[in-house]
Amino acid sequence: MRRRRTFLFSGRFLPTLPTLVRTRVAICCSFFIQGVVFATWCARIPDVRDRLGLNEAQLGTLLLAIPVGQLVSMAPNGLLVARLGSRRMLILAGFLYPCVLLFLGVAPNVWALGGGLLAAGFAANLSNTAANTQGVQLEHYYRRSIIALFHGMWSLAGLAAVALALALAPLGVPTWAHFALVAAGACALLSFSGGALMPFDRASASAPEADGGRGRSPWRLTPYLFWIGISSLGCMACEGAIYDWSGVYFRDVLGVSPAHQSLGYFAYLCAMVSCRFVADRAVNRFGAARVLYGCGACIAGGLALAVASSLCGALAAMAGSVVGFALVGCGTSAVVPIGCGLAGKAPGVPTGIAIAEVSTIGFFGFLAAPPLIGYVAHATSLRHAFALMAAIGLLVLLATWRLRLGRPKA
């Protein structure tokens with residue numbers, strides 16, 4: 001690895017640790033910043049709604065701004081990372097994302113808030129693409145899977161942000177002050193850790209020059225990348241279903257009390273966070289294909305269990321659905337990290353662009369699944385909609401089978 005330039009307070013960031021360990025911790029910090037900023041915004045959405053006097057329709061429309069910003073920015077962000085380097089873009093996005101959060105806390109009207117949310121989607125996607133590129137590049141030096149740990153830090157940051165929001169709520173801290181506190185902490189953390197990021201992206205067979213200088217476009221969606229993207233699509237569709245519909249499922253289908261309607265989501269989140277911290281060990285021991293098969297089985301089987309148990313008595317239905325949602329959390333924990341790791345090693349495509357292509361396919365599932373569930377539930381029932389999501393979860397198994405265990409040689 002090349003020698004790093006001094007960046008702000010990076011000289012004081014874990015100076016006694018080996019270089020690779022410092023880089024690994026720095027990438028963890030970048031994922032943590034992403035997770036804590038996003039979860040902080042989610043925790044204060046009701047307060048922002050009340051401050052601007054938004055109704056449900058206006059709020060629902062505004063909340064689409066972040067995923068739309070992420071979706072439309074995937075192609076340019078992939079090019080930015082490929083052309084300018086993941087370290088430079090990760091530092092830029094690492095400062096931009098918290099600053100956008102600060103703006104969201106003081107946005108004076110609906111139009112300003114919508115523009116801020118679009119900018120947040122752009123910054124979030126740029127940070128995600130650059131951070132995953134850094135993780136894939138670092139795996140070359142470790143020669144084993146380590147990327148799931150980084151995604152686990154994103155999930156852990158969400159729990160930390162929710163805990164902070166709960167602690168500040170009784171104190172009556174205004175939204176702008178809460179956002180300013182988080183933004184200041186995120187920028188301070190990046191000021192120390194940013195200099196420990198990998199200073200360059202490895203030149204390999206995935207570089208554009210690998211086509212022999214014939215000017216071939218780096219945007220080549222190979223069958224290998226396509227099936228990785230389909231695997232991510234099946235995973236993220238089910239993930240979006242749990243995020244947006246788990247509480248409604250427990251309340252309307254299982255008939256639980258409002259005090260217990262979040263049990264399924266809580267079980268899902270705990271399982272996902274826990275499994276992400278052991279996913280790398282599983283990949284290194286059993287291989288990426290076997291872990292993906294297990295993840296697909298957990299996703300489809302967990303949703304099927306939740307649907308089947310809803311036909312039982314009240315207590316059995318709630319217990320079975322909690323276990324089912326926990327299984328879904330186990331399954332969704334590793335698919336996207338493994339997909340990013342495999343995509344980053346795809347020959348003939350720059351790492352940042354390959355990750356952006358796979359992320360784009362997967363994100364369509366995350367964006368389309370919640371409204372699809374609503375349409376199916378309106379036409380039939382929410383139970384049938386979740387049964388459909390169990391079938392969509394089988395895409396992970398299908399895509400893994402189509403990959404034929406073929407890990408590309410770098």
Side-chain angles (χ1 to χ4, degrees), residues 1 18-32 34-35 86 90 128-156 197-198 201-202 204-206 224-225 227-232 234-236 239 271-299 329-347 349-352 354-359 362 396-397 399-401 403-410:
M1 296 177 64
T19 300
L20 288 180
V21 178
R22 291 181 72 235
T23 300
R24 190 173 181 179
V25 176
I27 298 175
C28 285
C29 291
S30 295
F31 274 90
F32 189 88
Q34 294 179 49
S86 59
L90 184 53
N128 178 69
T129 302
N132 277 296
T133 301
Q134 283 271 316
V136 170
Q137 300 288 351
L138 186 62
E139 278 190 341
H140 165 75
Y141 296 97
Y142 274 88
R143 300 186 181 278
R144 56 187 173 89
S145 176
I146 60 172
I147 198 168
L149 168 67
F150 304 137
H151 289 256
M153 292 302 297
W154 190 96
S155 302
L156 185 63
L197 295 170
M198 294 188 66
D201 296 333
R202 292 179 58 246
S204 66
S206 64
Y224 183 82
L225 290 175
W227 285 111
I228 295 176
I230 292 298
S231 177
S232 297
C235 170
M236 295 187 71
E239 188 174 348
M272 183 179 68
V273 172
S274 302
C275 289
R276 276 187 166 171
F277 285 107
V278 300
D280 287 322
R281 292 186 179 182
V283 172
N284 293 325
R285 181 171 181 178
F286 302 109
R290 292 182 179 179
V291 174
L292 286 174
Y293 277 126
C295 289
C298 285
I299 293 172
C330 293
T332 57
S333 65
V335 175
V336 172
I338 293 175
C340 289
L342 294 177
K345 301 178 182 68
V349 184
T351 300
I355 291 175
E357 288 178 338
V358 169
S359 299
V396 178
L397 297 175
T400 305
W401 174 73
L403 288 173
R404 304 292 188 183
L405 309 179
R407 181 175 296 183
K409 297 181 180 179

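Basis for what follows: all heavy atoms, side chains included, without hydrogens, waters or symmetry-related copies.
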I need the H140 NE2 to T351 OG1 distance, nearest 0.5 Å. 11.5 Å
Non-hydrogen atoms of A289 and T400 that approach each other most closely: O-CG2, 3.7 Å
Show your working on side-chain contact (heavy atoms from CB on, under 4.5 Å) between I147 and C340 and close with a plain yes or no. CA-CA 8 Å; I147 198 168; C340 289; 4.0 Å; yes
Please find the pair of heavy atoms, one from E139 and one from I146, that lie closest to each other, and give the distance. OE2-N, 3.0 Å
Specify the closest pair of heavy atoms between S333 and R276, including all atoms of both residues, with the distance to one decimal. O-NE, 2.9 Å
Please determine, by modelled atom types, if D280 and S145 share a side-chain donor-acceptor pair under 3.5 angstrom. yes
Between C275 and C330, which heavy-atom pair has the shortest distance, and what is it? SG-SG, 3.3 Å
Between the side chains of N132 and N128, does any donor sit under 3.5 Å from an acceptor? yes
Shortest non-hydrogen separation from S30 to L90 and the atoms involved: OG-CD2, 3.5 Å
Aromatic F286 / basic R281 pairing, under 6.0 angstrom, 45° off normal: no
For Y293 and W401, what are the C-alpha separation, side-chain angles and deciding distance, and is it a side-chain contact (heavy atoms from CB on, under 4.5 Å)? CA-CA 8 Å; Y293 277 126; W401 174 73; 3.6 Å; yes
Any donor-acceptor N or O pair under 3.5 Å, side chains S86, Q134: yes
Atom of F31, atom of M153 and distance for their closest heavy-atom approach: CB-CB, 4.3 Å
Are side-chain heavy atoms of E357 and I228 found at a separation under 4.5 Å? no
If you measure from CG on L20 to CG on L138, what distance do you get to the nearest 0.5 Å? 6.0 Å
I need the F277 CZ to S155 OG distance, nearest 0.5 Å. 7.5 Å
